[in-house]
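Reading through the structure tokens given below for one structure.
Each chain gets a letter, A, B and so on, in the order its sequence line appears, and its residues count up from 1.
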Amino acid sequence: MSVHLILFLAFGAVAVAGAINLLAQTHPINSALSLIAVMAALAGEYLLLGAEFVAAVQVIVYAGAIMVLFVFVIMLLNAGVEERTKGSRVAILFGVPGMLLGSLLVTWVVLRYSGTEAVPAGALPGAPRTIGTLLFHEFLLPFEITSILILVAIMGAVVLASKPPTVAPGAPIRRVD
Amino acid sequence: MVPLSYYLVLSGVLFACGVTGFLIKRNIITIFMSIELMLNGVNLSFVAFAAHWHALAGQVFVFFVMVVAAAESAVGLAIIIAVFRSRETLNVDQVNLLKL
Amino acid sequence: MTANLNLWLIPVLPLAGATINGFLGKKSSRTAVSTVGLFFPGAAFVWAVVVVFRAWDGLPYQEYFAHWIRSGSFTADFAFYLDQLSLVMLLVVTGVGFLIHIYSVGYMWEDPSYYRFFTYLNLFMFFMLTLILGNNYLMMFIGWEGVGLASYLLIGFWITKDSAASAGKKAFIVNRIGDFGFLIGLFLIIEHFGSLDFTKVFAQVQPLVPESSAGLLTTIGILLMVGACGKSAQIPLYVWLPDAMEGPTPVSALIHAATMVTAGVYMVSRSHVIFERAPIALTVVAIIGTLTALFAATIGITQTDIKKVLAYSTVSQLGYMFMACGVGAFSAGIFHLMTHAFFKGLLFLAAGSVIHAVGGEQDMRKMGGLRTYIPWTFLTMGIATLAISGIPPFAGFWSKDEILWNAYQNNWVYWLIGVITAFITSFYMFRLLFMTFFGDYHGAHVDEHGHGTHGHDGHGHGEPHESPWVMLGPLVVLAVLSTMGGLVGIRNGFEHFLDPVFGSGVAEASSEGASRSMEFALMGVSVLFAFLGLVLAYVLYVSKPYLPQKIADALGGFYNAVVNKYYVDEFYAKIFVKPLVDGSTSILWQGIDRKVIDDSINDAADGARRVSDEVRHMQSGNLRSYAGWVAAGAACVIAWMIWLGVGLGAGK
Amino acid sequence: MIIPALFQAIPQGVDYVRILPELVLSAFGIVVMVLDPVIEETDSHKTLGLIALAGAVAGLVSTWYMSGFPGLAFSNEVRVDTFSVYFHFLIIAIAAVIILSSFEYMAVQRIRAGEYYALVLFGTVGMVLMSSAVELVLIFIALEISSIATYILAGFRRNDASSSESSLKYFLLGSFATAFFLYGVALIFGATGSTNIDKITQTLQNRPAPVLLYVAMALMFVGLGFKVAAAPFHIWTPDVYEGAPAPVVGFMSTAPKAAAFAVLLRVVYVINAPGRFWFLWVAAALSMTLGNIGALVQTNVKRLLAYSSIAHAGYILVAFAMTTSENSSVGISAVMFYTAAYAAMNVGAFVVVSHFGNAGERYVTLEDYEGLGRTSPILAATLTLFLLSLIGIPITGGFFAKFYVFSAALKANLIWLTIIGVLNSAIGAYYYLRIIVVMYMREARTEIPVMRISAGLALALVISVFATLYLGILPNQVLKRAQQSAQDLLAQPAPDPESPAQPPVAVTQHY
Amino acid sequence: MNGAMNIDNLSPYILTLVTFAPLVGALLLTVLPRRDREIRIISLIFSLLTFFLSLHLPVHFHRSLSGFQYEINEAWISSPNIHYHMGVDGISMWLVVLTTFLTPLCVLISWKSIHDRVKEFFILLLILETALIGVFTSLDLFLFYFFWEATLIPMALLIGVFGHERKVYAAVKFFMYTMIASTFMLAAILWLYAHTGTFDFVVIRDQIARGTVPNFPAAAQWLFLGFFIAFAVKVPLFPFHTWLPDAHVEAPTAGSVLLAGVLLKMGTYGMLRFNLGLFPEQARSNAPWIMTLALIGIIYGALVAMVQPNMKKLIAYSSVSHLGFVVLGIFSFTQLGLNGAMFVMLAHGVSTGGLFMLAGILHERRHTYEIREFGGLASITPVYATSYLFIVLASVGLPLMNGFIGEFLVLSGAFHARPIYGILGATGVIWSACYLLWMYQRVFYGKVTNPINNSMGDMLGVEKAAVWPCAAMALVMGVAPILWLGAIDPAVHATLNPIAQMLSKVVGQ
């Protein structure tokens, strides 16, 4: 068992544990923290795969920026412990078994058909520079168009999170004949 | 040396956890987190495949996914705030004005 | 070939009269209506007479006007055919018809719908003449149905009277039942002979040998006979005719005695070529005729409505005519048809005169002793009664004798029943005469009847009084005809006249030689029976008027059955009408239509709605459920695709 | 060394022409966005609306201009051909009509207009890009742009709890589905080593499809099926459509769907997705049946039309189930024609619904529609026309579209699917008819105020009516375009000489 | 074999004109202000114009030729291969004329009875006319289906908007029944297109006859049934008939007239043109059960009609009975039967149209169709009673009236096909007399039972103008059927002939 594998398993264990903890925790803050743990562990996996840039972004953007936003909102809305309401039988009766079946099948396919050849540690160095070149060459259009996406997101956040107008829509407008 | 399939299985497990979270969690924010978990799972696949194919495009893809996730989270949290404003709850089971 | 006879004028003239009166009559004066209403049938009669003289040597004569139906190889055209048979009918119909028109002027004068009456009457003439003159079965069928229509309209002439309307409808529908048979007969003819033209069909039938067992011709014959049964009121379809007496009396005279009801006889005679080759059919005709004659006569005994008696007598006499046809003596049948037109027309008109005299009363028990009040009517009616009873030398004697003789030659049973019937006929006819004209007047002298609802005549009645001359005139003419009309039959003159049509058939051959004395003997028997009937009637209704009640009491149930016309109407109502109406309502309409078809459709719709409600509940509004559906769906898709992928992957 | 390389790689002028509509729309979107705080709110409805409308029209014009420059652009990531031009036209036209119809709606609902129009335009950018993108990354981003824009638009009736609920449901489920889509993209990438559709196709050409690809396809079907509201992934539709503002529903039931169908067409026919037949068959049958049956008992018109949109997605999916290439071409053009016809009639219907809804969308139940035939004859007649088209009654686009789809299906010998389809369309007639029935055959129980029709709305309606009738009576031109598109789509992708193909792993040489 | 030849160069556009003239009128009406009187007059003008235009057809028709005439064949949609192909033969021409004949009468009968939403009413009526004419003139299956479906909506709206108490139920029932059934026809049409590459009736017919359609033998029976179900519901054949009474009872008079007069004939016309024209062998092999259904329809319809308490329902069920004759005639495969079927279609259109108008006149005055509400009307409204009787007699099938000719021909044809069909069918002559005369008696004869009726007015001028042409036509058709049969006969012959040829071929093998 190489170091590589040990590291993989360690990060993997953290990630899975974090994911399960996310599900198990009833308070959203705890879930958010678990998610951060998952992300951090995944950043480790990325490093193992040589994706340095991605690993860095994962920590900075994902774990840092995005999750902070989550935590911020949780605090803002003062979200408390989750109530265990019984809202949906379907999710339990169909959804979870379906999910299990699907993931088992996919796992089986992956193990059986995706090939067992090993991926060497740092197999593909994803240095920021090479990634950057790629972004400005081949992926120029997606990269640029992403700005629109962000524009939309900002506008959306502004529109939706701002206080709704106090003036309710007017009374029904009558035909003016 | 770790076989590709290990990464894929890990990615699949994370994705499945995300799906499960969506199904069983009641708090909208947690549900949203589950979606992020699913995206993370996918990201791992991308990176693994990128290594497998020696194609950096996979990593670039992850970058884009993160950007999208960021944008989504901005919008999503805004929506959650809007819902909370009108309904005073974050329990998804109680957000059921629209049905049948 | 004779020069163009313009035969079309004969039916078209009354049609013109009907049209003019129909459209303009409402606003015209009665005089104008009468003028139109009389002129056109009169002109038709005149033209018919002209045709007789012009066509005498040129028969048979055909006249073609226009295409009517052409479909593939099948054609039916507007075309007329004139031979001795139609000539006789032509004269009878236009002649008697015209007389009755004249009579109607007096009889209907007071009626508010005077113009309508003449419209219908003229219309009837049109159809009747079309029936007679048509050169194919379909033309005949036009007339056949058309006279049915006219009959329907005239029976129901007093539209506010429910019974009249019912009677009219009944007549039409029962006739339709007969027509059903007629039509199928026609289909068979088309099917096998490809045409409905008399000449073409008969030309093909002529060479066929008579069928010894039931075959095509027999079938056709029987089906045609079904039609004839309907129109000529034979068993089992006679039931409409007594009811038809709801119509005004001239209508009864014209349509339900003299002309229309004889159409069946005419049709059978016209089809003699077929019948002669279908002995079984002929036997059927004979049996039906004989039975009807007897059966109707027995009912006639007990009827108290003067017109009903005459109606049953008509049915009975028509039975005679069919008996004649059935034994192959078509000319005898036609001969009786003609004399019957005279005397039965006369009887009805006279009865109308009686009714007119007593203010609309038709019940004979409320009459009596009228001979002093209405002598002319009595006289003419007496003549007619003698004629129908077969007492020489009146018209009925000759024709009835002819029939009985022919029947005897065919089978003595026919003859026997015929003679018994003759006896009964004589009895009930004289019963009628005696009850009406002898004894004391039982009727109320004050005016109780006739106004408004009945609408006959509308003028009040103090005493029974004689009818005006416009009514008596036709009575007299018909009385003369009833007296003398039979004389054309002496020495088989009438038959010989019809020989070109029927061939020198049975009658001719057998009336030769040795059987001559037999004929006279039989004649004597029948006359004797007729007199017996007269005497019996005299005994029962003039000299010992208390007896009939006693006899009736003695007979009990049987008497009641006869009085109630053997309950045939009730029987039909129970067996056919009621089940049909009830079944249609409860089984077909409410059952199949509503319960089975509509309900199953509605159930399907409700089912869809219920399913819809179920589908709706997938949409619980819960986000996690939705995700559950998506996840489950995704699992199915993934499983399916993997199954496919693995299956395919393994294959390659 | 890097700088020249960069310049070398910077796309040529013609590349920009090939995304000109996107650029134009974005520019106008930004203008609207920038002007929004500057303009008085009372003026903003009209002014910004007109600018947005101008943007849409400019988008149409630029599409027309773009159509003269077919080919690949931006490192083979964008393909301009009849197919993408067709969808550009369609989607931008839908946006234009929606903008037109929104003038009145915005004013009546007292909604701040700036963001709304900008979002419509930006969303349109995403959708049109989806139709021309041949790179899965780009498709994903474009899909997200269109999705996020519509998530936000769905929540625009901010005073109404149902609107934000609609937005939330749409957002969460949409992201959920996007994750599946993304997972599918990842597995495709894993299976083929590329995310460019043309290259994927080339890779797959001469070898059996790997099992991973099947899984990938399954996951992509989940994602795209969700976007087009195909059963069993249709489940969000009724709730979201009911809560969202009516013009937005008109928009999002047509334009993003058209874009998603464009992507699905590319995925199914260009990649020649393996194992799709039964999935599409079942999805088509289920969508038609569930949509129609679900709609039978609905009383809210918006919700009813939502179910109907599921059913219509089913009809469109029928045309997807073609297998051989000659049938494919008919199938593709049938999909494209149906999408256009559906857009015309459904946008029209929602325009009318939005007008009738009045302030706060108060009047949206069948009961409220009683007697409208009398109180508002023109609108009622217009709505009737759209409903007839949705039923599939002749002289309307809906009729011909359905006819064309089923004729394509029968051509491919999909007899049972056709029978299910035609029976469904007959059942479906019932609930559309119910709306017509209440409008014309019932008398109003309470007096519902009906607004005067504004000019913008009138124009929007005229365009919809015209389009519906044009597609029904003279479908020839549109059909020709659709058929040409099908040919283009099916033609084997050849690298564009103008922008030389680069190997996907070009940068790996550094390694 | 191929009857499609253009023989009249002078009038290639006449069919287009006739078909769309009412539509032009409808469009004109939409832009007119709501002034009822003008709207009525314009509708009348356009419907009359259409009628006179349509008279061009029989006047210039070449009766000796059996193929389609006045053909126009323009490409409409290139792919799918759809043509604007119109043409009439002796069969469809008369149905066109029947439609154009009845529509002005419908306008007249609605003159007074429609006071609400007049504009909409006449627009719908004129649109309906266009669609109906289109059905009969189309020779392209797509075009046919186009018009076929297009008739649904105006009719459903006429029933649903202008009808009586249960109008909504009736309209929806009508719509759903016919809609669902016609989808089967759509499927069959699409199959044909998929396998022949054309929608052209003539081309498809010839291809089928030559046996060049792939997979045809396997599918023929299903295709036949697909067409047949659509037509059978429209006719309506037992047991698909239950929509008809409801639709009729609730429909406004003009709606009933066109429904019974023309719409039902779409079904029988379809059977004649498509079931027989395209699938002669299947038609023949299916004939026994179809004829049985037709017979059941004849007798069943009549019996149920007899016991109806509602006049309009009675007439509606009588339509079921009469249309049974048509189907019986069509599937008798005889020249007589088919000629008769055609003639019954026309005759029924005229006489039942008349009956419905008369029933409508009654409803106009008393707002009820219940027979027991009436009685003794003959003495109050003599003109009305007479007109009614006239039409009743036509419907009963009195010789010299239109009803007889058709029934006689049909029955003799059916008798030829199998005697029992003719015999059972012929009982129809009894039943029709039963239910119509009974109804007539209850309404018109006897004393006036309901005093309200005493104040009923007799027929008005417009009502006479609407009903009397029907009456006159009933008589003319009965006296001179040759005018119609002359054109029908060759067309029917041509329809039957391929069958005969094909049979001889089969026998020859």
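For the set B:Val47, B:Val75, B:Val62, the entry with the most heavy-atom pairs within less than 4.5 Å of chain A is B:Val47. The choice from B:Leu77, B:Ile81, B:Ile80 that makes the most heavy-atom pairs within less than 4.5 Å of chain A is B:Leu77. Looking only at heavy-atom pairs under 4.5 Å with chain B, the residue among A:Pro28, A:Gly156, A:Ala19 that has the most is A:Pro28. For the set A:Val152, A:Leu149, A:Val158, A:Ile150, the count of heavy-atom pairs under 4.5 angstrom toward chain B peaks at A:Leu149. The choice from B:Val19, B:Thr89, B:Leu37, B:Val13 that makes the most heavy-atom pairs within less than 4.5 Å of chain A is B:Leu37.
In terms of heavy-atom proximity, A:Ala157 sits nearest to B:Ala74 at CB-O, 4.1 Å. Smallest separation of non-hydrogen atoms from A:Ala91 and B:Leu23: CB-O, 3.7 Å. Closest heavy-atom contact between A:His4 and B:Val2: CD2-CG2, 3.7 Å. Summarising the geometry of A:Gly12 relative to B:Leu10, their closest heavy-atom pair is CA-CD2, 3.8 Å, with the distance given to 0.1 Å. Between B:Ala51 and A:Leu49, the shortest heavy-atom contact is CB-CD2, 4.0 Å. Nearest heavy-atom pair across B:Gln59 and A:Ala51 is NE2-CB, 3.2 Å.
For chain B, the nearby parts of A:Ser31 are the backbone and the side chain; heavy atoms of each come within less than 4.5 Å. For chain A, the nearby part of B:Asn91 is the side chain; its heavy atoms alone come within less than 4.5 Å. In this structure, the portions of B:Ile24 lying under 4.5 Å from any heavy atom of chain A include both its backbone and its side chain. The part of B:Leu90 that comes within reach of chain A is its side chain, from C-beta onward, which places non-hydrogen atoms under 4.5 angstrom from that chain. Both the backbone and the side chain of A:Leu77 come within contact range of chain B, judged by heavy atoms closer than 4.5 Å. For B:Asn96, no part lies near chain A; criterion is any non-hydrogen pair under 4.5 Å. Contacts of A:Ile92 with chain B are made by side-chain atoms alone, with heavy-atom separations under 4.5 Å and no backbone atom involved. Looking at A:Leu22, both its backbone and its side chain come within 4.5 Å of chain B, counting heavy atoms on both sides. B:Tyr6 touches chain A through backbone and side chain together, each having a heavy atom under 4.5 Å away. Neither the backbone nor the side chain of B:Val83 comes within contact range of chain A; no heavy atom of the residue lies under 4.5 Å from a heavy atom of that chain. At a 4.5 Å heavy-atom cutoff, A:Ser34 makes no contact with chain B through either its backbone or its side chain.
Inter-residue side-chain proximity for B:Tyr7 and A:Leu48 is flagged as met; some heavy-atom pair is nearer than 4.5 Å. Side-chain contact between A:Leu42 and B:Leu14 is present, with at least one heavy-atom pair separated by less than 4.5 Å. Side-chain contact between A:Leu135 and B:Val60 is present, with heavy atoms from C-beta onward closer than 4.5 Å. Considering only heavy atoms from C-beta on, A:Val106 stays 4.5 Å or farther from B:Phe15 through its side chain.
Remark: A:Asn30 engages A:Gln25, A:His27 in a side chain to side chain contact (heavy atoms under 4.5 Å, CB included) (not counting sequence neighbours).
No close placement of the A:Phe139 and B:Phe61 rings is indicated, their centers lying 6.0 Å or farther apart.
Listed for the B:Arg26 side chain is no donor-acceptor partner under 3.5 Å among the backbone atoms of A:Thr26.
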Review item, side-chain donor-acceptor pairs of residues 57-76 of chain A, under 3.5 Å, at least two apart:
from: A:Gln58; atom 1: NE2; to: A:Met39; atom 2: O; distance (Å): 3.3
from: A:Gln58; atom 1: NE2; to: B:Asn40; atom 2: OD1; distance (Å): 3.0
from: A:Tyr62; atom 1: OH; to: B:Glu36; atom 2: OE1; distance (Å): 2.9

